[in-house]
**Student:** 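First, the structure itself, so that you have it in front of you.
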Protein chains: 2
Amino acid sequence: MARPDTRTRILDTALRLFLAKGSEGVAVTAIEEGAGLSPGSGSFYRHFRSKDDVLAAVVDREVDRAAERRVVPGASDLAGDYLASLSALDDLRPLVGLLIREGARLPHLDRVRDVLAEQGARLDADVLAARMAAGEIPQRDAEGVASVVLFALVGHHLAASFFGGPVGVDRERFARVLASMVES
Amino acid sequence: MARPDTRTRILDTALRLFLAKGSEGVAVTAIEEGAGLSPGSGSFYRHFRSKDDVLAAVVDREVDRAAERRVVPGASDLAGDYLASLSALDDLRPLVGLLIREGARLPHLDRVRDVLAEQGARLDADVLAARMAAGEIPQRDAEGVASVVLFALVGHHLAASFFGGPVGVDRERFARVLASMVES
DNA sequence: GTCTATAACCAGATAGAC
DNA sequence: GTCTATCTGGTTATAGAC
């Protein structure tokens, strides 16, 4: 595994530092240093026009990575579905981290939102409504249940992401309990 | 209602700007301007030693406000409880916003965590376990259910906070559905 | 306590040699 | 493509008059 090229090393370093300190708190000098370039040299600028430019490129790359992921279609049971969703959220972690730290300042916010929405689409109220109609799960406000499930999963993920580790019960147990609350 | 004193105006302005842009992105000049002082004058420094100092003071004030709030003890029904919890989270919004934007850079992080934990304590697994034992709600993994409830509420709140408005179903409906999922 | 003025510093970005 | 060196602008923070 050869050393990645300079552009890639800059992107990797920038992502890491932006997540740790926010883009405002990171000097181009520090990015150069982290990428193995001489700090203070303008070598960074042979690859990106500005710090905003590299932020946009970092976001683009993360969105691309997120978009590439194929969403597995409805698995066997609900608990499995929810566990898979938590894993999918894991993959989105760097992107979500950027979103949280940079807020509305992020470029391409529309595209980011689209990709996140697509990832969340599988937790659709329609699927729940169909299962309710089929009598597989109890009749309830399908849209409301979908909303509860979505926010429970996202909340669990955000807490783990924010505190840097698992919070509360582990994810298998979490998915199991959540499924049981939907199913009965 | 007289105009607040300068120190208070500085704190108010700093909170607003920090939430909007993050503390790194806010110049002391801008805080002075927002507080009705002449931008570029060092008048700010008659009240705070530095920008970090005012950040600490802003956090302190928000934590104090959060700590002052009395948590209403277990109300009549679960849905009412959950609705009250969402309102309590609303009050914490500025503090949570700071936490999200500033991350680990925040001073007094321990105290912040303590206050937030206290606010969340009412969603205790013990209460659920007692109701399960009393036969009021179905027997389930009480700790797991408490975790799901907590993250659902927090997730709902964070999404609303982040996107600047209600997301998905309204909170009454959300609380009602969540309660029904716990109760049956 | 607020102002004008300014010092000291640091970060973003560029020039030109190699 | 990377380096040394530097320009430039903006930000923190201070000095001293009022």
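Each chain gets a letter, A, B and so on, in the order its sequence line appears, and its residues count up from 1. Since we're looking at a predicted model, the values are computed, not measured.
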**Student:** Measure from NE2 on His47(B) to P on dT12(D) and round the result to the nearest Å.
**Tutor:**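 The answer, rounded to whole Å, is 17 Å.
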
**Student:** Please work out whether the ring planes of Phe151(B) and His156(A) are parallel, tilted or perpendicular, with thresholds of 30° and 60°.
**Tutor:**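 Phe151(B) and His156(A): perpendicular rings.
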
**Student:** Considering only side-chain heavy atoms of Ser43(B), which listed nucleotide, dA13(C), dT2(C), dT4(C), is closest?
**Tutor:**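 Within the option list, the nearest is dT2(C).
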
**Student:** Of the candidate nucleotides dT12(D), dA11(C), dC3(C), which contains the atom at the shortest distance from the side chain of Ala27(A)?
**Tutor:**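 It is dA11(C).
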
**Student:** Let me know the distance between CG of Leu17(B) and C1' of dT11(D), rounded to the nearest Å.
**Tutor:**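 Taking CG of Leu17(B) and C1' of dT11(D), I get 15 Å after rounding.
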
**Student:** Atom CZ of Phe44(A) and atom P of dA15(C): how far apart are they, to the nearest Å?
**Tutor:**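 The distance from CZ of Phe44(A) to P of dA15(C) comes to 17 Å, rounded to the nearest Å.
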
**Student:** CD of Glu24(A) versus P of dC10(C): gap in Å, rounded?
**Tutor:**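 After rounding, the reported distance stands at 18 Å.
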
**Student:** Do Arg171(A) and Asp90(A) meet the salt-bridge criterion of a basic N to acidic O distance under 4.0 Å?
**Tutor:**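 Counted as a salt bridge, because a side-chain N and a carboxylate O are separated by less than 4.0 Å.
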
**Student:** Contact class for Ser41(A) vs. all strands (heavy atom < 4.0 Å): base, sugar-phosphate, or nothing?
**Tutor:**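 Counting heavy atoms under 4.0 Å across all strands, the contact made by Ser41(A) includes a base.
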
**Student:** For Lys21(B) and dG10(D), give me the distance from atom NZ to atom P, rounded to whole Å.
**Tutor:**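 These atoms are roughly 14 Å apart.
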
**Student:** More than 12 non-hydrogen atoms from neighbouring residues, nucleotides or ligands closer than 6.0 Å to CZ on Arg65(B), yes or no?
**Tutor:**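 Yes, because the 6.0 Å sphere around CZ of Arg65(B) holds more than 12 heavy atoms from other groups.
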
**Student:** Under 4.0 Å between a Lys/Arg side-chain N and an Asp/Glu carboxylate O for Asp77(A) and Arg176(A)?
**Tutor:**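 No salt bridge links Asp77(A) with Arg176(A).
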
**Student:** Taking for each residue the nucleotide of DNA chain C bearing the nearest heavy atom, is the 5' side occupied by Gly40(A) or by Gly40(B)?
**Tutor:**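 The answer here is Gly40(B).
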
**Student:** Any side-chain N or O of Ser38(B) below 4.0 angstrom from OP1/OP2 of dT4(C)?
**Tutor:**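 It does, given that an N or O in the side chain of Ser38(B) lies less than 4.0 Å from OP1 or OP2 of dT4(C).
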
**Student:** Across the strands shown, which category fits Val26(A) at heavy-atom distances under 4.0 angstrom: base, sugar-phosphate, nothing?
**Tutor:**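 It contacts sugar-phosphate atoms only.
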
**Student:** Closest to the Tyr45(A) side chain: dT2(D), dG12(C), dA13(D)?
**Tutor:**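 So the nucleotide nearest the side chain must be dG12(C).
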
**Student:** Specify the separation, in whole Å, of atom CZ of Phe48(B) and atom P of dT12(D).
**Tutor:**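 My rounded result for the distance is 15 Å.
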
**Student:** Select from Arg46(B) and Ser50(B) the residue whose nearest nucleotide in DNA chain D is closer to the 5' end of that strand.
**Tutor:**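 Counting from the 5' end, the first nearest nucleotide belongs to Ser50(B).
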
**Student:** Looking at every non-hydrogen atom in both residues, tell me the closest pair between Ala35(A) and Arg3(A) and how far apart they are.
**Tutor:**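 In terms of heavy atoms, the two residues are closest at O-NH2, 4.2 Å.
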
**Student:** To the nearest Å, how far apart are Leu37(A) CG and dG12(C) P?
**Tutor:**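 One finds 15 Å between P of dG12(C) and CG of Leu37(A), rounded.
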
**Student:** If I take atom NZ in residue Lys51(B) and atom P in nucleotide dT14(D), what distance separates them, rounded to the nearest angstrom?
**Tutor:**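 After rounding, the reported distance stands at 15 Å.
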
